[in-house]
Amino acid sequence: MTDGAASTGRARVFSGMQPSGAVHLGNLLGALTGWVTLQKDADCVYSIVDLHAITAPDDHDPALLRQRTLDLAAALLGVGVDPSRSTLFVQSHVREHAELAWLFNCVATFGELGRMPQFKDKSAGRDASVSVGLFDYPVLQTADILLYHATKVPVGEDQRHHIELARDIGQRFNHRFGEVFTLPTAILPPVAARVMDLQEPTRKMSKSASSEKGVVFVLDEPDAIAAKFRSAVTDSDGKVRVDRAAKPGVTNLLEILAATTSRTVEQAADEHAGSGYGALKTAVAEAVIPFLEPMRARSLELAADQAELERILADGAARAREVAAPTLERARLAMGLLPPA
Ligand code: TRP
């Protein structure tokens with residue numbers, strides 16, 4: 001990987017995902033298919049952000065974190081992140097992230113971090129007991145992105161404020177200490193679909209759902225997937241058509257069908273306009289199962305070969321460090337930190 005995007009003529013993309021649970025259809029259709037697509041034209045750097053995962057207030061189990069980190073690596077490779085085109089690494093393996101976050105801590109302000117909507121959400125009613133890491137989360141995210149001179153950051157809508165903060169911090173640093181950082185822009189992942197929980201179709205599909213019945217995991221067995229779609233919540237109107245507000249369950253099924261068969265939602269709706277909900281659910285399951293099957297097989301195969309996973313991650317970390325280390329060095333010098341003799 002070369003230093004800046006300019007030297008390759010391809011945009012540098014950076015994105016990260018927390019190892020906080022098994023990958024599901026929401027992650028896949030909302031973000032990861034976009035990550036995979038971007039590899040065609042951009043120089044992509046993808047990170048398993050374990051340092052972010054340990055900011056979660058209640059949910060830190062060391063053995064589980066280690067396992068989830070490996071599992072996420074297997075899943076990302078299984079869905080099509082290609083280590084021969086892109087850089088895939090574990091955030092904590094590249095120590096420059098933590099160090100640059102410290103430098104940025106001295107540029108970011110208490111006020112701007114306190115205003116981050118995600119922090120306000122996650123700390124609501126418990127500010128005194130959440131970790132400083134949770135407060136500082138967006139600063140570490142800023143370091144992730146700016147270390148690689150990334151110009152494009154594919155993220156969901158909920159991350160927009162964090163990317164704007166990254167721009168603000170980068171700009172402030174450059175203004176105070178000299179041009180070191182490239183300012184990133186958030187992009188919505190190409191081909192993103194917003195997948196809702198099958199049981200509570202007004203909520204985003206998420207690993208923190210109250211029940212796994214509404215969440216389809218990439219590693220689910222075909223029978224389990226069929227059962228989850230069979231019991232998907234719909235409505236009593238009986239007509240297959242797109243209406244997010246009035247018919248969230250049916251619309252969600254159509255969105256999933258469209259995304260897994262490369263059609264538009266309108267096309268999927270037209271084709272099923274005369275069907276009952278039972279037939280629609282069967283059609284969706286019959287589209288999703290073969291869509292996931294090759295990814296499931298590859299993920300399982302990789303998950304069973306820890307040595308190979310570790311080799312891929314070590315190689316990714318080495319390539320990431322080739323870009324991150326000189327960037328950090330420039331930032332240290334610009335700030336006046338005495339180079340060690
Ligand atoms: N905060 C992001 C999320 O929860 C994950 C993340 C960490 C990230 N560092 C990043 C995303 C850098 C984009 C760029 O989705």
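Note that ligands are numbered from 1 as they come in the structure, with each ligand's atoms numbered from 1 the same way.
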Set out, in order, the CA-CA distance, both residues' side-chain angles and the distance that settles salt bridge (charged side-chain N to carboxylate O under 4.0 Å, His left out) for D168 and R172, then state yes or no.
CA-CA 6 Å; D168 290 346; R172 200 175 307 147; 5.1 Å; no

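- Side chains of E310 and Q306: a donor-acceptor N/O pair is present below 3.5 angstrom, by distance only.
- Side-chain contact annotation: H161 with Q118, donor-acceptor N/O pair under 3.5 Å absent.
- Under a 3.5 Å cut-off, the side chain of H272 and the backbone N or O of S275 do not form any donor-acceptor pair.
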Pair L146, T182 - check side chain to side chain contact (heavy atoms under 4.5 Å, CB included), show working.
CA-CA 7 Å; L146 270 50; T182 306; over 6 Å; no

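- In the model, D50 has a side-chain atom that pairs as donor or acceptor with a side-chain atom of S92 under 3.5 Å.
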Would you mind listing each N/O atom of ligand 1 next to any protein N/O under 3.5 Å, plus the distance?
residue	atom	partner	partner atom	Å
ligand 1	1 (N)	Y137	OH	2.7
ligand 1	1 (N)	Q141	OE1	3.1
ligand 1	1 (N)	Q159	OE1	3.0
ligand 1	4 (O)	Y137	OH	3.2
ligand 1	9 (N)	D144	OD2	2.7

